[in-house]
Structures are given as structure tokens and as C-alpha cells.
Protein chains: 2
Amino acid sequence: MPPSTGLRARLRAELTVEIKDEARRQLAAEGAPGLSLRAVTRELGMSSSAIYRYFPSRDDLLTALIVDAYDAVGAAAEEADATCRRDDYGGRWCATGRAIRRWSLDNPHEYALVYGSPVPGYRAPEDTVGPASRVTLVLARLVVDAAQAGVLTRPVSDGALPPLGADGLAALRTLVALALPDVTEDVAVRAVAAWTQLFGIISFELFGHFHRVIDEVDPVFERTLLEMGRLVGFPPPRTDATRGRPQDGVEPGRTTDTDDVADRHGLPTDDEDEVWYLV
Amino acid sequence: MPPSTGLRARLRAELTVEIKDEARRQLAAEGAPGLSLRAVTRELGMSSSAIYRYFPSRDDLLTALIVDAYDAVGAAAEEADATCRRDDYGGRWCATGRAIRRWSLDNPHEYALVYGSPVPGYRAPEDTVGPASRVTLVLARLVVDAAQAGVLTRPVSDGALPPLGADGLAALRTLVALALPDVTEDVAVRAVAAWTQLFGIISFELFGHFHRVIDEVDPVFERTLLEMGRLVGFPPPRTDATRGRPQDGVEPGRTTDTDDVADRHGLPTDDEDEVWYLV
DNA sequence: TCAATAACAGAGCAGTGCTCTTGCAAATGG
DNA sequence: CCATTTGCAAGAGCACTGCTCTGTTATTGA
């Protein structure tokens with residue numbers, strides 16, 4: 001028996017992605033409020049009511065686009081992180097942040113759909129929590145790797161801030177248990193700060209809050225990357241690529257991404273700007 | 001001559017605010033996409049076409065609401081800052097951040113309207129840049145005050161990060177010239193980091209990105225306030241109110257807001273946690 | 001008092017999300 | 001192989017939206 005119900009299912013799957021592609025085109029062209037189901041069907045040459053066999057409502061289509069957007073930015077973050085040496089924690093942080101920003105600037109409406117105001121009513125659709133965690137996990141894994149390697153430096157001196165209270169510990173416990181094993185709550189809260197700062201500055205840039213305040217965001221973004229990376233405690237990035245133009249591709253150098261443990265000791269670094277933040 | 005064109009103008013102004021109030025009610029109830037001009041007119045008992053004499057389009061009504069929201073959050077920030085002693089820079093930073101978050105949690109849809117995805121097409125309406133700068137100026141003035149008082153501490157040790165490049169200096173020059181006189185570009189970029197982190201964490205909380213990650217945001221927010229305040233270089237807050245419940249009003253203690261220079265020396269602080277971040 | 005003008009109500013247009021009914025083609029079971 | 005069930009598509013239609021146009025009424029300034 002050939003693939004049972006295969007023809008119908010195949011056609012259905014193809015039309016589903018065709019609808020999503022056309023919807024994504026309209027989303028990129030006019031933003032989420034400009035997405036019209038009727039316009040999608042019109043462009044695809046089918047009846048306006050036919051689309052409801054594939055997406056039962058407009059919100060469901062939007063949710064599908066949200067899931068895809070989460071997946072895309074997560075893939076961008078993963079790829080950027082993968083192109084760095086595993087022990088170059090500062091470089092991984094900067095490269096990941098740069099990749100997320102680049103994806104956001106390239107897909108502003110998808111970014112707004114995902115990290116802007118939640119469009120579908122009020123409900124946080126449970127289907128999006130999975131793909132949403134993809135990009136988060138890249139950053140979390142980075143923190144965990146650095147913590148387990150023991151390279152995370154305390155920001156100023158021990159005891160500069162009072163220890164976290166019981167409520168702070170409790171609030172961070174789920175986060176630590178979920179994605180940050182072997183990480184101090186102290187480090188976790190700084191990671192949250194860096195995480196939210198990253199998306200905060202991207203949102204401000206994309207949503208126009210730097211209008212007439214900062215005209216060229218690139219160097220400021222690079223600098224905040226360094227500042228927040230240092231705040232978390234990452235060692236400084238290995239290469240001096242952070243000074244270069246970050247908009248040309250993901251990261252110019254370091255195509256080594258297969259060998260993992262071999263890089264742990266690493267060849268002698270070419271430059272001596274290891275002392276960017278010493279502590 | 002009685003107030004010339006007074007009756008008509010008065011009625012017009014009254015109806016304008018009535019429309020805005022009803023629109024704000026609908027905005028708070030169902031969010032920006034749920035705001036309907038026809039529903040507003042229906043609720044106000046007038047014809048659907050009459051509203052266009054007051055707001056020529058839906059986007060104009062939204063822009064008016066955006067301006068009001070900027071004004072409201074700016075007023076909240078100003079008031080919180082004003083209730084602190086002028087030389088308690090850490091306290092002013094924390095109080096302002098807390099007030100902004102509180103306003104945001106109390107008016108989530110207005111926050112989303114202002115700091116979420118920009119709804120009207122693509123244009124950044126020029127009318128909003130003025131009210132938008134109100135809350136920004138509170139934070140900027142705080143940085144300037146602390147810088148001029150000479151209390152801003154460098155984060156780790158001098159020269160830990162390489163000096164800003166020429167492009168970084170150029171990018172920050174407009175910001176410094178506009179709102180941060182007598183502030184180093186080095187401090188300015190950290191202020192931008194704190195600024196964007198503040199709104200980043202608020203957006204994440206409001207837009208559901210902490211779902212199943214952080215259940216109780218309060219202590220984490222308090223902690224990031226301290227961390228980012230320290231990153232900028234503010235001295236630690238004077239009172240121990242940061243450990244209390246920040247959701248009960250703006251700030252419980254310190255009702256002194258009139259005397260300015262008299263507080264400069266200050267009464268002996270009651271507690272000894274002045275050494276929160278020493279550097 | 002009278003013309004000018006601002007405000008208003010209502011009809012109407014094009015568009016939207018969504019539902020219902022009808023008809024057709026494909027897969028399935030005996 | 002045929003009858004039946006199922007999946008899919010098209011069209012009409014409903015309630016709603018932003019917005020415009022027309023005609024009418026009320027207010028204003030001289």
C-alpha cells in the first residue's frame with residue numbers, strides 16, 4: 001500500500017506552507033496588523049473561505065508565524081554560537097547577541113510579532129513557549145558552560161552587593177533548575193539582566209526609541225555587549241572582531257566549529273588584548 | 001465681549017477629552033487592536049461619522065493616546081524621583097525604575113502602545129518625540145547630577161575596557177550633547193545599557209517572556225536595578241527600602257522633597273549598609 | 001438680522017474575520 | 001467495481017471596521 005492518505009496529506013502540507021509563506025510576505029511588507037486572510041487567499045488564487053481549513057482563525061496563522069519566527073531567531077543564535085570556539089565565552093556572548101540583533105534588523109516585523117506587544121488577545125499561547133526557549137537556551141547554555149569552566153568572574157569584589165534574600169533565591173530557583181544548573185543565583189540574576197538588556201536595546205532601536213538620541217547604534221550596541229558580558233562575568237572575547245564591522249555576515253573569522261575538546265587548551269592567541277576586563 | 005468662540009471651543013475641548021477617555025477605557029480593556037472608533041462613538045451616543053471632526057483618523061486618536069501615555073509615565077518617573085533626596089543617586093535610580101515598572105504593570109496596554117510594536121504603519125510620529133523624552137530626561141538628569149557631583153564610580157578599574165573608538169564617540173556625542181552634559185561617553189554608554197535594560201525587563205515581564213521562567217519578578221527586578229545602578233556607577237541607595245515591598249505605593253519613606261541643598265549633607269543615615277557596592 | 005461656518009446624523013463604500021450551505025473530487029470498505 | 005464516507009473548495013452572507021459624502025441643524029461674527 002503506497003503512503004496511505006499520502007497524496008491528500010502532501011497537498012495539504014504544501015498548501016499550508018504556501019499560506020504561511022504568503023502570510024510571512026505580507027507580514028514583512030506591512031506588519032502584523034496588515035495581515036489579511038482574504039488577501040492571502042486572493043494572492044494564492046483560492047476562495048476566501050478555503051483558508052479556514054488550514055488555519056481555523058487569524059490568530060492561529062499568527063501563532064504559526066510566531067513559532068516560525070522564534071525558530072528562525074533561535075537558529076540564528078545557535079549558528080552564531082556554534083561558529084565560536086567553545087571556550088571563547090566572551091566571543092560566544094558577543095557573537096550570539098550580534099546575530100540576534102542582525103536577525104531582528106533583517107526581520108523587523110517578525111521581531112515585533114515575537115518580542116513586541118502580544119497581538120492575540122491576552123493569552124500566552126502555550127505552543128510558543130517551546131520554540132521561544134530556543135534562543136534563551138543558547139544564552140543559558142553559554143552561562144552554564146562558563147560557570148562550569150570556572151571562568152566567571154565576580155563583577156567587583158565579593159560581598160559588594162548583599163546576598164540575595166529568600167524571596168530572590170526562590171524566584172530564581174525555577175530558572176536555575178530549568179536552564180542554569182550549577183550556576184549561582186547571583187550569576188543567574190546578572191544573566192537575566194544581560195538577557196533583558198540585549199532585547200531591550202534591540203527593541204529600542206527597532207521601535208524608534210533612539211530617534212534623535214542615537215543615530216548610529218552599532219558601536220553603542222557593541223559596547224553594551226561588552227559591558228553586559230563583563231557584568232555577567234564572561235572572560236573577554238578572544239578575537240578583535242568586536243571592533244570590526246559586525247554587519248558583514250555572522251562572524252568573519254574562526255571557521256573551526258567541529259573540534260570541541262581539542263580547542264579547550266587552544267593555540268596561543270594571536271593578540272594580547274586579553275586584559276579587556278581583568279577584575 | 002464674553003469668551004469669543006468660547007462656548008464652541010469649550011464643548012469641543014470637552015468632547016475631545018471625552019473621546020480620549022472612552023478610547024483609553026477601550027484601550028485598557030482590549031488593547032490597541034481592539035480600539036474601535038465606532039464603538040467609541042456608540043458609547044458616547046453620537047454618530048459614527050462625528051468623531052472624524054475631532055480626530056481625522058484612527059491613527060491620530062492612537063497618537064493622542066500615545067502622547068498621553070508618555071506623559072503619564074513621565075509624570076510617574078518625575079514624581080518618584082522628586083520624592084528622593086537629591087544626593088541619594090542610587091535611591092533615585094531605584095525609585096524611578098520602580099515607578100516606571102509600577103506604571104507599566106498598572107497600564108499594560110498603554111505601555112504596549114508606547115514601548116511595544118509601533119502600531120501606526122511605520123512612521124515615527126514626530127509629535128511623540130517630545131513627551132517621549134520626559135521619562136528619558138529624568139534618568140538623564142539623574143546621571144548628570146551624579147556625574148557633576150563626582151560620585152560616579154568606575155565599574156571595575158580604570159582601563160578595564162579599551163577606550164571607545166572614534167565611531168563610538170561619534171555615536172554617543174549627540175546623546176551626550178543632548179541630555180548628558182559633563183558626562184563621559186564611557187558613562188553614557190553604561191547609562192544607555194541601564195536604560196534599555198530597565199525597559200527590556202519590563203517588556204519581558206509584561207509581554208510574557210518570563211512565563212515558566214521567572215514566576216515572581218519583583219525580587220529579580222529589584223536585583224537588576226541594583227546591578228545596573230552599580231554598573232552606571234551610582235552610589236548605593238540610602239535607605240533599605242529596596243528590600244521592602246516595592247509595590248506599596250511609590251516609596252514609603254522620605255517625604256522630604258522641598259529642601260534641596262539642605263539635604264546635601266544629610267542627617268546621619270540610620271543603617272550601615274552603605275557598603276553595598278564599594279568599589 | 002443674516003450670511004458664514006462649524007457640527008451633526010445618516011447613508012454608503014470597500015474592506016475585514018468568520019460561518020453556513022452547496023457541490024465536487026478523492027479515498028475507502030464491502 | 002461500486003457505493004459511501006470523507007476532505008476540500010467555492011460562494012453567499014453576517015456583523016463589523018475605517019472612512020467619505022451629502023444633507024440638515026445649530027452656533028457664530030458682523
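Lettering of chains follows the sequences in order, A, B, ..., and the numbering in each one begins at 1.
Look at CG on B:L35: it is 11 Å from P on D:dT17, rounded to the nearest Å. Between the C1' atom of C:dG15 and the CZ atom of A:R42 lies a distance of 8 Å, rounded to the nearest Å. Between the CD atom of A:Q26 and the P atom of C:dG15 there is a distance of 14 Å, given to the nearest Å. Summarising the geometry, the separation between CZ on A:R10 and P on D:dG7 is reported as 19 Å, rounded to the nearest angstrom. Atom C1' of nucleotide D:dC8 and atom CZ of A:F55 are separated by 16 Å, given to the nearest angstrom. Between the CG atom of B:L37 and the P atom of C:dG10 there is a distance of 18 Å, rounded to whole Å. Between A:E14 atom CD and D:dA9 atom P the separation is 12 Å, expressed in whole Å. Atom pair B:L44:CG and C:dA7:P shows a separation of 16 Å (rounding to whole Å applied).
Each of B:L113, B:T128, B:D127, B:V129 was evaluated against B:Y70; a single residue qualifies, B:T128, per the side chain to side chain contact (heavy atoms under 4.5 Å, CB included) test.
For B:Y52, the listed nucleotide lying nearest its side chain is D:dC19; candidates were C:dA9, D:dC19, C:dT16. Closest to the side chain of B:R58, out of C:dA7, D:dC19, D:dA10, is D:dC19. Residue A:S47 has its side chain nearest to D:dG11 when only D:dG11, C:dG15, D:dG18 are considered. The side chain of B:L15 approaches C:dC8 more closely than any other nucleotide in the set C:dG17, D:dA9, C:dC8.
The salt bridge (charged side-chain N to carboxylate O under 4.0 Å, His left out) contacts involving residues 197-206 of chain A comprise A:R101-A:E205, where partners must be two or more places apart or lie in separate chains.
The shortest non-hydrogen separation linking B:F221 to B:G97 is CZ-O, 3.5 Å.
At a threshold of 4.0 angstrom between heavy atoms, the contacts of A:L61 with the nucleic acid are absent. No contact: B:I51 has no heavy atom under 4.0 Å from any strand. Nucleic acid contact for B:Y54: sugar-phosphate only, since backbone atoms but no base atoms lie under 4.0 Å from a heavy atom of the residue.
Partners of A:R25 by side chain to side chain donor-acceptor pair (under 3.5 Å), not counting sequence neighbours, listed by chain and number: A:E22. For B:R134, the side chain to side chain donor-acceptor pair (under 3.5 Å) criterion is met by B:D71, B:E78, not counting sequence neighbours.
Between B:Y111 and B:F199, the ring-plane angle classifies as parallel under the 30° and 60° cut-offs. Between A:W195 and B:F210, the ring planes lie tilted relative to each other; the angle falls in the 30° to 60° range.
Contact annotation: B:R12 side-chain N/O to C:dA7 OP1/OP2 distance is under 4.0 Å.
Here the OG1 atom belonging to A:T16 is positioned 5.5 Å from the CZ atom belonging to A:F55, to the nearest 0.5 angstrom.
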Identify every side-chain donor-acceptor pair in residues 44-54 of chain A under 3.5 Å, counting partners at least two apart or on other chains, and give the distances.
| unit_1 | atom_1 | unit_2 | atom_2 | d |
| --- | --- | --- | --- | --- |
| A:S47 | OG | A:S49 | N | 3.4 |
| A:S47 | OG | A:S49 | OG | 3.4 |

What N/O pairs connect the protein and nucleotides 11-13 of chain C at under 3.5 Å? Give each pair on its own line.
| unit_1 | atom_1 | unit_2 | atom_2 | d |
| --- | --- | --- | --- | --- |
| C:dG12 | O6 | B:R38 | NH2 | 3.3 |

Would you tabulate the pairs of protein nitrogen or oxygen atoms and nucleotide nitrogen or oxygen atoms of nucleotides 22-24 of chain D closer than 3.5 angstrom?
none

Evaluation steps, side chain to side chain donor-acceptor pair (under 3.5 Å), between B:S57 and B:D60: CA-CA 5 Å; B:S57 82; B:D60 289 272; 2.6 Å; yes
